[in-house]
Every structure is written in C-alpha cells, then in structure tokens.
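Since the structure comes first, as structure tokens, the remarks are kept for the end.
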Amino acid sequence: MSEAPPPAGAFETGPLLLGVRHHGPGSARAVRAALDAAAPAVVLIEGPPEADPLIPLAADPDLRPPVALLAHAVDEPGRSAFWPMAEFSPEWVAIRWAVEQGVPARFIDLPATHSLAWQEDTGDGDPEEEAEHARVDPIAALAEAAGYDDPERWWEDAVEHRGPGRGEPFAPFAALEDAMGALRERYGDGGRPRDLVREAYMRLQIRAARREFGEEVAVVCGAWHVPALRAKATVTADRALLRGLPKLKTDLTWVPWTHRRLARSSGYGAGIDSPGWYAHLFGAPDRPVERWLTKVAGLLREEDRIVSSAHVIEAVRLADTLAVMRGRPLAGLTETTDAVRAVLCEGSDVPLSLVYDRLVVGDVLGEVPESAPAVPLQRDLAREQRRLRLKPEALERELELDLRKDTDAARGRLLHRLRLLGVGWGEPARSRGSTGTFRETWRLRWEPELSVRIAEAGVWGTTVLGAATARAEADAAGARALADVTALAEQCLLAGLPDALPVVMRVLADRAALDTDVSHLAQALPALVRSLRYGDVRGTDTGALADVAAALAERVFIGLPPACTTLDTDAAQEMRGHVDAVHGAVGLLAETLTGQDGLRPRWRAVLRTLSQRDTVPGLLRGRAVRLLLDDGVLEAEDVARLMGLALSPGTPPGDAAAWVEGFVGGGGGGLLLVHDERLLGLVDAWLTSVPADAFTDVLPLLRRTFSAYEPGVRRTLGELVRRGPVAGAGAGAGAVGHPATSSGFAPEPDAGRADAVLPVLRLLLGRTPDQQQSADDDLAGVEA
C-alpha cells in the first residue's frame with residue numbers, strides 16, 4: 001500500500017467517485033492514476049457482491065483477461081449473467097491495483113441472487129411503454145451535444161486521446177460527473193428504472209464501507225451512476241426500495257472471455273465495437289498510430305501481401321493528415337482505417353475486412369486458473385482437454401482426426417459427447433481428403449457461452465462420459481419420432497456410450513415394431529445402417545443393431561409401394577428423398593451384414609414395381625428407373641423404352657416432366673444425358689412436342705432439374721442439342737419412334753488417333769525411346 005498521504009481534497013466531499021466507461025482504456029488509465037494519487041483504504045467496484053471471494057484470484061498469474069464473472073442459478077443454470085472484464089476495463093484495473101497494494105476490494109452492485117431472479121423475458125413489455133422509457137445512451141447524448149455524429153469518435157477525442165491531465169488525476173472524473181449530472185437532471189433514470197434499486201444498494205454499501213474504513217473510500221462505477229451515488233438519500237428510503245426483491249440461489253466463478261464477445265452488450269449493458277483497437281491503445285506506451293499500422297502491416301505480410309516499410313510510413317502520414325483536416329487531437333480508428341485501405345490495401349475492402357476481423361475486433365481468449373470454482377463437469381472436461389491436448393481457442397480452426405489412432409478416436413468421442421450434451425464446441429465438417437469412416441473433420445471454436453451450457457449439462461452427471469450417457473438414456477425415453485431414436489443410436493456409437501446403447505436399442509425396437517408409417521421407417525433406416533459401419537473403426541459392438549436394421553428394411557420393402565400411390569407433388573418430392581436414402585442404406589447394409597445377400601434383389605424388385613405402376617407419381621417412377629440403371633439392372637435399351645413410354649404423346653406434360661426430373665435429377669443426371677445421346681434425343685424430342693399452352697406449366701420443373709447441373713455439363717448439353725440428330729444412329733431410340741442421335745463412339749477404335757498420343761505419354765512418363773522399346777518387348781513376351 002502506498003505510504004504517501006492522499007492529496008488534500010480527495011475525500012473532502014465524501015467518497016472518491018470514479019465514474020468510468022466500461023471497457024474504456026482511457027478510463028482505465030485514469031482510474032489507475034487516481035488510485036495512485038488518492039491511495040484509498042478500500043476500493044468499491046460495480047459488480048455482484050457474491051464475487052468478493054473471487055477477487056484474490058486476480059493475483060494468480062494464470063488468470064489472464066479477458067475474463068468474466070459468471071453468475072448462474074444453482075437450480076436453473078441456464079438463468080445466468082456475465083460481467084466481462086478486459087485488460088483495459090477500469091474494473092479490472094481497480095481490482096489489480098487493490099491486489100497489488102494489499103488494499104481491500106469489494107463489489108457493491110445489486111447481488112446476483114436478486115438480479116438473476118429479476119430477469120424478464122424480452123419482448124413481453126408494452127411497446128408504447130418501452131418507447132416512452134427508451135434507454136438513453138449517455139455517451140451518444142454527450143457526443144450529440146458536442147456536435148459529433150459518432151459517439152465512438154467523440155469518446156476517443158475527449159478521453160482516449162487526451163488522458164488525465166498532469167497533476168490533476170481527478171479532473172477527468174469531475175468533468176464527467178458534471179456532464180452525467182446534467183443528463184440525469186434531464187432524463188431521470190434514462191429508461192432504466194431498475195437502476196434506482198441498484199443505486200440504492202450501492203449507497204448502502206458505501207455507507208457501510210465508510211463506517212468500517214473511514215472516509216478514504218474510492219468507488220469505481222459506471223459514470224451514469226455517479227450523480228445518484230452523490231445524491232443525498234436516507235437509509236430508510238434506500239432500504240424501502242430493496243424490500244421484497246425476489247431471490248435465487250446462485251453460484252459465481254471466473255470464466256474465459258473473448259474480445260469478440262466484448263463487442264456485444266452483456267453484463268454491464270455495455271458493448272464496444274473495437275476491442276482489439278482499445279486493447280492496443282491501452283497497451284501502447286507511446287506512438288500508438290505508428291505501432292498500430294506496423295501491426296497491420298505484419299498481419300498483411302503473413303497473408304502474403306506486399307507491404308513495405310515505405311507503405312507504413314506513408315500510411316502514418318496519411319492518418320495524421322486526415323486527423324488534422326478533421327480537427328482531431330490524434331488519428332483515431334477512422335483515420336487509421338482510411339489510411340490502411342488507401343495505402344496498405346490499395347483501395348480494396350477485402351484485405352481490410354481481414355484487418356477488422358483479426359485486429360480491430362480480434363480473437364483473444366482469456367484463461368482461468370484451476371483454482372477457480374467450477375462445477376464438477378467443468379473440471380472433468382478440463383482434465384480431458386489437457387489429456388487429449390485439445391486447448392480451447394477463440395479462433396476457429398479445423399481439426400482432422402484419424403480414428404485408427406487412439407488419441408484421435410478419444411478426441412472424436414469427447415466432441416460427440418459434448419454435442420450430445422448441447423455443448424457445441426465442435427461442429428462436424430466435410431473432410432477434404434478421404435471420406436471413409438476412419439476420418440473425421442471438426443470445426444472448433446470456443447465461445448464463452450459454452451460455460452453456461454456446461455453448467456446446465458452438470459445436472460446429468462459429474463463427468464462428461466456419465467453425463468452424456470444419462471442424457472442419451474433420457475432423450476431415448478422422451479423421443480417422439482422413430483428417426484430421432486435411430487439418430488440417437490448413431491450418436492451413442494459415435495460418442496462411445498456402451499452403457500446407453502442397450503437402453504436406446506430397446507426403445508428403438510419397441511418404436512419400430514409399433515410404427516406403421518413407411519416414411520418414418522424409411523427416414524430411420526439410413527442412420528441405423530450408418531451406425532453398423534462404425535464397429536470396425538471405432539471398436540464398438542454393433543451386433544444389437546443388425547437384427548433391427550434388417551427387420552426395418554423388410555418392413556420398408558413391403559410398405560413402400562402402397563405408400564407411393566396417389567401422392568401430391570410435395571409428398572412425392574419428400575418420398576423421393578426417402579427412396580434415395582433407402583437405396584443407399586440397402587447397399588451399405590448388404591455389404592455390412594453377412595447372410596443378407598437377398599436384400600439387394602428384394603429392393604430392386606420394389607424399384608421395378610415402382611417404375612411400372614401407373615398410380616405412382618411420375619417423379620418416383622423416373623427415379624426408380626434411374627436407380628435400376630445405375631445398379632446395372634436395366635440395359636440402355638430397356639431404359640429408352642421406358643422413357644419413350646413415359647414421354648409418349650398420351651402422357652400429360654406435367655407427369656412427363658416429373659418423370660424426367662426423377663430420372664435425370666440429382667447427381668450424375670446431366671452426365672448421363674451427355675454420354676447417352678439416345679436418352680437426350682428422347683428428352684429433346686418430347687420437349688419440342690409439348691403444346692404451347694402446357695409448356696409454361698412444365699418449364700419450372702425442367703428449370704429446377706437442369707439448373708442443378710454443373711456449368712460445363714449444361715454447356716455440353718446445349719452444344720449437343722444445337723448440333724441436332726445425326727443420321728445413321730442406332731435403332732435403340734428409333735424403335736420408340738423418336739429421332740436418333742449419335743452415341744459419340746465409332747464401332748471400332750481408331751488406332752491412328754490412339755498412336756498419336758504415345759510421344760506425349762512417353763514424355764510424361766520420362767521414358768526414352770529405347771526404354772519404351774524394351775517395355776514393349778517385355779509386354780510382347782508376356783502376351784506370348
């Protein structure tokens with residue numbers, strides 16, 4: 001604690017009230033200067049009093065801002081609130097000063113036990129009343145009074161770029177108190193009626209501190225509250241405002257926070273647009289503009305952009321010139337941004353957006369020591385993160401896992417268990433390499449709100465494994481749809497929950513036996529079949545799934561043809577998705593299960609039935625023909641005959657267009673027409689014969705089908721159609737009475753054209769003519 005006596009007058013008019021802007025670096029510097037000068041006996045800080053035992057943790061070097069005080073209801077963890085603090089937050093500076101000087105520090109805001117119980121759902125109030133009591137933004141009001149159209153720019157000019165005057169550490173706070181007093185006289189509570197209750201509690205705590213420590217009391221709070229804390233009010237009146245407040249049992253702890261989250265309105269009701277910029281202003285010892293532009297240049301160089309020292313020098317000159325032209329005491333974020341865009345980014349907003357995201361906002365993530373209070377589930381997760389070397393990071397990154405490795409498999413199980421618990425730390429992503437079951441790709445990003453999700457999930461257990469198991473069993477019992485249960489079974493296998501799987505399987509078997517809706521069965525089958533494939537890679541026993549999957553497939557085979565009759569357009573589109581999913585699932589099931597060789601033939605019989613039944617919508621009939629063709633069950637001649645029948649003049653144009661959409665829609669449909677010009681000729685001939693009055697009805701269907709093709713496929717189809725039919729084509733198309741086009745292939749290979757590529761091939765392979773001749777001789781010997 002400083003031995004120098006406080007300056008005369010620091011506490012003459014009562015407690016030293018240091019009104020600040022939350023997350024303001026200028027306020028933070030001014031608070032430290034004022035505390036150094038006044039040397040109070042106690043520091044009172046706006047915040048929940050239940051967090052007083054957490055203040056000593058600020059001395060732990062492992063507690064690194066940005067961090068936040070998290071308060072949540074014990075019986076309802078989702079009811080929570082945060083009080084974020086960055087390195088440049090005045091509250092954090094006051095805490096650190098008190099810890100370093102050995103001075104007591106206390107929080108004096110309304111206790112979280114009341115504020116959490118007092119939370120209201122947004123949007124329930126009367127709109128007229130809300131408009132009448134619209135919240136006043138003090139910074140915006142003062143900026144407008146000073147003639148500024150941008151509150152942030154005014155604050156930079158008035159506070160951030162000026163700082164406390166030499167020898168006058170209390171002057172900025174006195175000026176701000178006068179300004180806030182004028183605003184409170186005009187706007188009253190400023191649309192914040194609850195502030196009157198909070199301020200009453202703060203006054204009571206200030207009185208108690210003065211009785212205990214004497215007059216040398218310093219208070220760090222939002223500048224808006226200073227006039228109310230200075231006002232004369234009786235103890236009886238203050239206690240009357242606090243009478244009858246609701247209560248909740250709460251827990252508090254420190255949790256990591258991020259710069260990106262500081263840009264949002266949260267516990268203090270304050271958000272800042274540029275936390276990274278403010279952190280720079282607070283940490284730069286001198287020449288902040290030069291240091292900032294050097295940092296920007298370093299970022300752009302990391303992104304392989306050409307930025308020299310001359311660029312930085314010119315950008316600094318431009319920023320300073322803009323500040324002078326605009327009458328600002330120092331170049332601010334607006335001027336430096338304009339200079340970066342013009343000089344370092346050459347007028348482009350693309351690299352500028354990177355600068356804004358990485359530097360102006362930033363992805364700095366705070367850290368909390370192990371000694372901080374936490375729910376048991378949080379501690380178990382921290383142990384798992386250390387064991388698996390999965391450190392939470394604010395910056396989004398991709399994680400590639402090879403499930404054949406023990407560590408990667410354990411990482412995948414942890415992320416799946418957290419997803420089951422509603423903790424979305426990782427989101428599955430598409431792998432850029434192999435798509436086999438042994439590979440997983442995750443997109444990881446740690447958000448502060450996940451601490452609340454972990455607290456909520458703590459009701460399921462004290463470990464991640466136990467909580468995920470309990471949650472899966474509860475979800476299985478409460479699932480409404482069969483597909484939800486099969487998806488849950490898949491999650492149990494992915495998350496490695498062997499104790500939960502039997503419970504889920506019992507529910508699955510019961511639901512599958514009672515569910516008669518074929519669409520539900522078809523929707524449930526793919527997830528169940530996918531689950532069967534995880535046994536080999538993950539070492540999970542999937543034997544319990546095999547019988548259920550086979551029985552489910554048989555029920556789909558029996559019920560699908562009747563379910564596909566007399567469907568409207570929307571129902572047919574939905575059923576098409578189910579048919580595609582079942583087709584893929586049957587293929588996987590036949591490959592996975594031994595003794596199930598008859599699954600494919602039975603499914604193909606179902607597809608034949610769908611393709612030939614007139615009561616089935618054209619979309620499904622065309623899709624069934626396409627699937628049979630892809631499996632090699634139908635020959636090209638058979639497909640041409642079925643297409644010719646479907647596109648005959650007796651078929652309504654709408655039904656024919658639906659058949660075409662089912663047949664050539666989806667993956668590979670365009671290439672099928674490119675490589676089989678007989679089918680293209682059938683479609684072309686049918687389209688040219690559609691009556692004019694019906695063409696506008698079928699056009700949306702055809703446009704939806706062909707617009708899904710790749711641009712190159714569409715261009716090739718257009719060229720083939722423009723070329724028109726070629727004489728002398730095969731009789732396959734002509735047999736159904738349509739013009740034929742060439743298939744694009746001659747009866748015999750052209751040896752001359754094939755030999756022409758040999759010199760280029762030898763060059764690519766790096767072989768000399770002698771080496772090639774030797775290889776040809778060896779090949780001739782093998783053939784002999």
Side-chain angles (χ1 to χ4, degrees), residues 77-78 255-256 375-403 407-431 435 437-481 483-501 503-504 507-508 524 526-528 530-531 533-534 537-538 540 542 545:
V255 296
V375 296
L377 182 63
Q378 174 66 64
R379 295 193 181 280
D380 182 68
L381 175 59
R383 285 192 294 268
E384 288 293 302
Q385 288 171 334
R386 289 193 300 271
R387 182 177 68 87
L388 300 174
R389 300 187 297 277
L390 272 180
K391 184 179 179 180
E393 298 178 12
L395 186 64
E396 184 178 287
R397 68 184 180 99
E398 281 196 356
L399 177 67
E400 294 279 352
L401 299 179
D402 186 344
L403 302 179
T407 301
D408 282 2
R411 289 173 174 175
R413 286 193 295 269
L414 175 63
L415 294 173
H416 280 294
R417 289 168 185 172
L418 292 176
R419 277 177 54 81
L420 190 60
L421 291 171
V423 182
W425 177 22
E427 292 293 331
R430 183 183 297 275
S431 296
T435 58
T437 56
F438 67 87
R439 183 179 296 278
E440 276 187 351
T441 301
W442 292 85
R443 190 171 290 113
L444 301 181
R445 182 170 187 166
W446 186 265
E447 298 284 359
E449 286 82 357
L450 296 180
S451 300
V452 179
R453 305 284 81 80
I454 294 171
E456 289 179 312
V459 301
W460 298 106
T462 58
T463 65
V464 177
L465 175 60
T469 299
R471 177 66 183 271
E473 293 174 352
D475 287 352
R480 296 184 178 182
D484 295 338
V485 185
T486 56
L488 187 59
E490 184 178 13
Q491 285 182 301
C492 289
L493 289 168
L494 294 170
L497 305 177
D499 294 337
L501 192 58
V503 177
V504 176
V507 175
L508 176 60
L528 196 59
R530 284 196 305 269
S531 301
R533 306 183 67 197
Y534 301 141
V537 175
R538 302 174 188 271
T540 307
T542 57
L545 298 174

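The shortest heavy-atom contact between Gly466 and Thr463 is N-OG1, 3.0 Å. Between Ile454 and Gln378, the closest heavy-atom pair is CD1-OE1, 3.3 Å. For the residue pair Leu377 and Ala467, the shortest heavy atom distance occurs at CD1-CB, 4.2 Å. Of all the heavy atoms in Arg443 and Ala429, the pair that sits closest is NH2-CB, 3.7 Å. Heavy atoms only, all atoms of each residue included: Leu420 and Ala472 are closest at CD2-CB, 3.8 Å. When all heavy atoms of Cys492 and Val504 are compared, the closest pair comes out as SG-CG2, 3.9 Å.
Rounding to the nearest 0.5 Å places CD of Glu384 at 10.0 Å from CZ of Arg386. Atom CD in Glu400 sits 10.5 Å away from atom CD in Glu440 (nearest 0.5 Å). Interatomic distance, Gln491 CD to Leu497 CG, rounded to the nearest 0.5 Å: 9.0 Å. The structure places CG of Leu465 at 7.0 Å from CG of Asp499, a figure rounded to the nearest 0.5 Å. We find the CD-OG1 distance between Glu398 and Thr441 to be 6.5 Å, quoted to the nearest 0.5 Å.
Side-chain contact between Asp408 and Leu399: absent, with no pair of heavy atoms (C-beta onward) separated by less than 4.5 Å. Inter-residue side-chain proximity for Arg419 and Leu494 is flagged as unmet; no heavy-atom pair is nearer than 4.5 Å. You'll find the side chain of Leu401 stays beyond 4.5 Å of the side chain of Thr407, heavy atoms only. Counting heavy atoms from C-beta on, the side chains of Leu444 and Leu390 come closer than 4.5 Å. Two residues are said to be in side-chain contact when any heavy atoms from C-beta on lie closer than 4.5 Å; Arg453 and Glu456 meet this criterion. Between Glu473 and Trp460, the closest side-chain pair of non-hydrogen atoms is not below 4.5 Å. Taking the side chain as every heavy atom from C-beta outward, Leu450 and Leu418 never approach each other to under 4.5 Å.
Distance alone, capped at 3.5 Å, places no donor-acceptor pair between the Arg439 side chain and the Asp402 backbone. One N or O on the side chain of Arg411 and one on the backbone of Leu388 form a donor-acceptor pair closer than 3.5 Å.
Listed by chain and residue number, nothing satisfies the salt bridge (Lys or Arg N to Asp or Glu O under 4.0 Å) test with Arg417 (two or more places apart in sequence, or in another chain). Legend: residues meeting ring pair (Phe, Tyr, Trp, His ring centres under 6.0 Å) with Trp425, ordered by chain and number and at least two apart, are Trp446.
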Determine, step by step, whether Val423 and Val464 satisfy the side-chain contact (heavy atoms from CB on, under 4.5 Å) criterion, reporting the C-alpha distance in whole Å, the side-chain angles of both residues, the deciding distance to 0.1 Å, and the verdict.
CA-CA 11 Å; Val423 182; Val464 177; over 6 Å; no

